[in-house]
Asker: 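To start, I am sharing the structure in question, which I have written as structure tokens.
Keep in mind it's a predicted model, so treat the numbers as computed, not measured. Numbered from 1 within each chain, the chains take letters A, B, ... in sequence-line order. All values below were derived from every heavy atom in this structure, side-chain atoms included, with hydrogens, water molecules and symmetry-related copies excluded.
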Amino acid sequence: MSVLMLVIPLAFLLAAAFLLGFVWAVRNGQYDDLQTPPSRMALEDDDTLALTRTPSDQPPQQR
Amino acid sequence: MTALPAASSAQSQVLCSHCSLPVPPGLIEQDAPEQFCCHGCKTAAAVIRQYNLGKFYTLRNQDPLAQQARPVITPQTRRGSQSLDFLDSPDVIARCVRVMPRASSTDPAATTHRASLLVDGVHCAACVWLIEQLPKMLQGVLSSRLDLSTGRVTTFFDPSRITLRAMGEQLATLGYPPQLDQGEDLAGKLLSRRDLVDLGVAGACAGNVMLLFFALYAGAFEGMSDEHAALLRWSSFLITLVAILWPGRVFFRGAWTALRSGLITLDVPLSLGLGLGLLWGGYNTITGSGELFFDSLAALVFALLIGRTVQRSQQRMAGDMMSRQHRRIPQHAWKISPTGEPQLIQSSLLKPGDLVEVRSGDLIPADGIILSGSSHADQSFLTGESRPISLKVGHQALAGSLNLTAPLRLHITAAGQGTQIAAVLSLVDRALHNRPNILHLTDKLATLFLLLVLATAIIIFVVWWPLDPARAIMLTVALLVANCPCGLGLATPMVMAVSLGRAAKQGILIRRADVVELLAKPAHIYLDKTGTLTQGSLAVESFFTTSTPRRELALTLIRSLETSVNHPAAAALLTFAQSGPTLPTSSITTASQGLTAAVSLTGDTTQHTSQAFIGSLALAHQSSITLPPPLSLETGRLLAAGLSPVIIALDHTAIAIAGLGDPIRPGTRDALTRLMAQGHTLEILSGDHPQVVQRVAHQLGNIPFQGGLTPQQKAIIVQAKQAELLAAHNTRKVLMVGDGVNDAPALARADVGIAAHGGAEASLKAAPIYLGTPGLEALLDLTSGSRRVMHAIHITIAISLIYNVIVAGLCIAGLVTPLWAAIIMPASSLSVTGIALIARTFIKRPSITSSPNPISESPSPTPTSTPAPIGASA
């Protein structure tokens with residue numbers, strides 16, 4: 001019986017965690033450009049991969 | 001008489017292998033496997049082949065976006081070679097290059113720099129791919145990223161191996177001329193992020209409250225222990241509290257602003273409902289008895305936010321796309337230092353008294369007097385005059401005009417805010433502020449509706465209070481919540497958002513949704529001439545000779561001589577002459593209005609040298625060239641028709657006369673007729689010479705016109721018309737369509753300003769609408785589309801009214817329970833949203849112009865004798 005008293009608040013904590021994750025992602029700019037990444041995903045092919053794999057041409061991490 | 005009509009482009013069009021635009025007849029190379037419309041496309045294609053990046057074309061042909069977007073953004077390669085010198089200037093480098101903290105992984109000593117540039121002309125996945133291949137083309141570029149929505153290219157590079165300028169040049173070669181990155185629109189970005197967070201929070205709250213209420217409703221039917229009910233009620237109260245206080249705060253803020261300015265908007269009853277519902281529900285939660293409305297409240301916040309967010313993001317997108325179209329005032333100038341060396345500095349640092357050099361093809365950075373050089377300038381955006389003006393020593397040059405033919409040195413007389421273009425821009429700002437407020441039909445309907453809802457709520461409260469106070473409050477809240485005008489709050493923004501999106505795909509960018517309603521009704525439309533009704537560039541409109549051999553000879557002379565000059569008139573003549581034989585020429589002398597040269601002619605047996613001349617009438621008189629009677633008659637006719645005659649002479653005798661003018665766009669007359677059929681009244685406002693305007697007005701079917709107007713006068717005419725309509729109690733609105741800076745004050749002043757294709761920055765700033773495709777058919781699409789949008793909105797409002805009448809009836813009868821409210825509200829929202837999504841508003845039209853043949857619009861060879869009916873020049 002009293003297990004609900006524990007489980008329901010727990011469920012909300014979980015939901016709140018996901019919501020915070022979403023808010024973080026939005027504020028971090030993940031949703032700023034919704035146009036380019038989908039087209040880029042379709043394009044990345046073998047030769048671009050080969051290019052980025054060359055050690056001397058490793059691009060630095062973009063912040 | 002063998003006067004011949006203009007260019008014969010009726011033949012099948014050859015499309016450019018690179019950009020798919022028609023190739024001008026003069027540039028068609030017979031037997032070549034690939035055809036190019038300009039030098040820029042040819043170079044870009046060569047680079048793409050050189051680095052084996054032909055996949056670009058495959059990708060582009062597969063991508064539907066590339067096909068749709070093309071009319072919105074024309075290939076900028078046609079703009080010609082713009083100077084990229086500014087990319088070498090230290091202050092530019094300081095602004096767009098950052099040193100990255102992390103060094104390259106293999107060589108810790110080498111630093112990596114990050115550069116950010118804006119590019120024009122990107123619109124599809126193929127562009128993304130091509131720009132991100134930059135490391136393959138240039139040594140030292142480590143990676144390159146493109147953001148399609150803003151056109152921002154971010155590259156990481158090794159400064160010891162490559163410069164910013166080299167990257168800029170490569171981008172320009174590929175057809176994406178780089179611009180200085182002005183920094184991101186941080187405010188806009190933060191706003192759209194905030195909208196998204198609000199929406200996410202509201203959605204999460206609504207979903208969770210609904211889950212809890214499933215349990216509560218089930219409990220109400222099947223029985224539930226008090227402690228569990230209390231748990232569920234308390235948790236739903238807390239979540240609803242979050243939903244109303246966090247994302248829901250926008251409604252309270254909106255209601256407060258509206259009430260302070262004495263208006264009733266949707267936000268007012270909404271805030272009242274939300275506030276009352278929350279307080280009443282909170283009270284019931286604490287006392288542990290009575291009804292709660294939390295599920296309806298949370299769902300309401302979410303549903304309304306969806307409508308708002310979607311509409312706002314569409315409007316923001318249209319605004320962004322518009323702000324990418326312009327960039328007219330040059331940011332950099334070559335200042336002559338005291339030592340005589342040209343130095344690149346920011347235009348904002350120029351002040352009166354400075355000396356600057358303006359190279360040909362560059363924009364003039366400030367108003368000034370010409371000290372040396374002789375050139376032509378295109379001032380059409382400022383004056384509306386389509387013909388380039390000649391600039392000589394002592395003449396005044398205006399900021400923002402394009403220096404066409406030769407380098408100039410200027411003594412600056414006014415810079416920055418003191419220039420004429422700045423004065424026009426400040427006029428725009430003032431007009432935008434003083435625009436009369438329009439009360440829209442939807443607003444009026446909404447106000448009426450909202451007052452009704454509030455009145456009903458009061459009646460219910462007053463009637464039920466003596467009988468059962470608890471029930472009175474419940475029913476009042478139920479009415480306010482369930483009766484939420486979803487048709488207005490959700491459906492209208494949804495119809496608008498969907499329609500704005502579809503319009504944008506058609507090349508019509510709408511920045512303010514409220515103007516759509518005004519466009520749906522018959523209006524008085526003022527049309528600018530240059531660039532709106534006409535092509536906005538010079539072309540040969542008539543060509544007169546006395547015999548066919550002479551015509552051939554004249555065309556050969558044009559081909560032989562005019563290639564040596566860079567002038568719009570020369571370009572127009574060359575396009576007309578097309579390709580064909582040329583003659584050897586020598587000792588070419590160019591004057592400001594023409595040129596002479598020695599040409600060797602091959603006779604039947606002998607070869608002799610003759611003196612050829614091509615130039616203006618004035619220069620022909622100066623050079624004592626004789627005009628045979630039929631030709632001098634023709635000159636008079638051309639002048640009367642508002643065309644500029646160009647004399648082609650051999651050995652001081654004229655053999656042909658070309659009439660140069662700004663031809664009317666194909667399909668314009670048809671579009672005007674259909675606009676009039678929609679009930680609009682039309683009038684032409686132009687800064688061009690009244691005679692030229694008269695000719696255009698006459699050709700388009702005797703449309704009323706006013707010519708020779710300054711930007712200020714145009715705005716005054718618009719304002720006077722508005723006052724006149726108001727005085728006559730006529731609800732007809734004033735629309736203005738134009739593209740230049742000279743239209744900007746009128747665009748800002750009009751009830752709806754529409755910036756036409758290729759417009760200058762100022763006109764885009766002044767107008768809430770931008771037509772991305774040239775010609776008036778886009779205007780026709782806009783008015784018809786707006787009518788369909790308003791139709792769809794009226795249907796959704798009608799449906800939500802029916803819902804509301806039913807709910808109000810149930811409330812008055814005391815029958816509505818929270819469960820009913822929870823069912824009716826989403827049902828009404830869903831049905832109106834569905835209608836919003838399927839309504840056919842802006843639809844792709846099958847091309848109206850069956851043949852893009854300009855002959856049908858070209859002047860008749862017989863002299864025009866009937867003047868236009870109304871000819872008021874200011």
Asker: Side chain, backbone, both or neither: which part of B:S192 has a heavy atom under 4.5 Å from chain A?
Answerer: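 Neither part.
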Asker: Would you say A:F18 has more than 12 foreign heavy atoms packed within less than 6.0 Å of its CZ?
Answerer: no
Asker: Check whether any side-chain heavy atom of A:I8 sits under 4.5 Å from a side-chain heavy atom of B:L232, and report yes or no.
Answerer: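 Yes. Closest side-chain heavy atoms under 4.5 Å.
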Asker: Considering all heavy atoms of both residues, which atom of A:L19 and which atom of B:G200 are nearest to each other, and what is their separation?
Answerer: CD1-O, 3.8 Å
Asker: Measuring from atom CG of B:L196 to atom CZ of A:R27, what distance do you get when rounded to the nearest 0.5 angstrom?
Answerer: 11.0 Å
Asker: So with a 6.0 Å cut-off around CG of B:D226, is the heavy-atom count from everything else above 12?
Answerer: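 Counting neighbours around CG of B:D226, 12 or fewer heavy atoms of other residues, nucleotides or ligands fall under 6.0 Å, so no.
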Asker: Looking at A:Q30, I'd like to know if its CD atom is crowded, meaning that more than 12 non-hydrogen atoms belonging to other residues, nucleotides or ligands lie closer than 6.0 Å.
Answerer: yes
Asker: Write down the atom of B:R193, the atom of A:N28, and the distance for their closest heavy-atom approach.
Answerer: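 For B:R193 and A:N28, the tightest heavy-atom pair comes out as NH2-C, 4.4 Å.
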Asker: What do the steps show when you test A:F12 against B:L212 for side-chain contact (heavy atoms from CB on, under 4.5 Å), and what is the final call?
Answerer: CA-CA 11 Å; A:F12 287 121; B:L212 292 172; 3.5 Å; yes
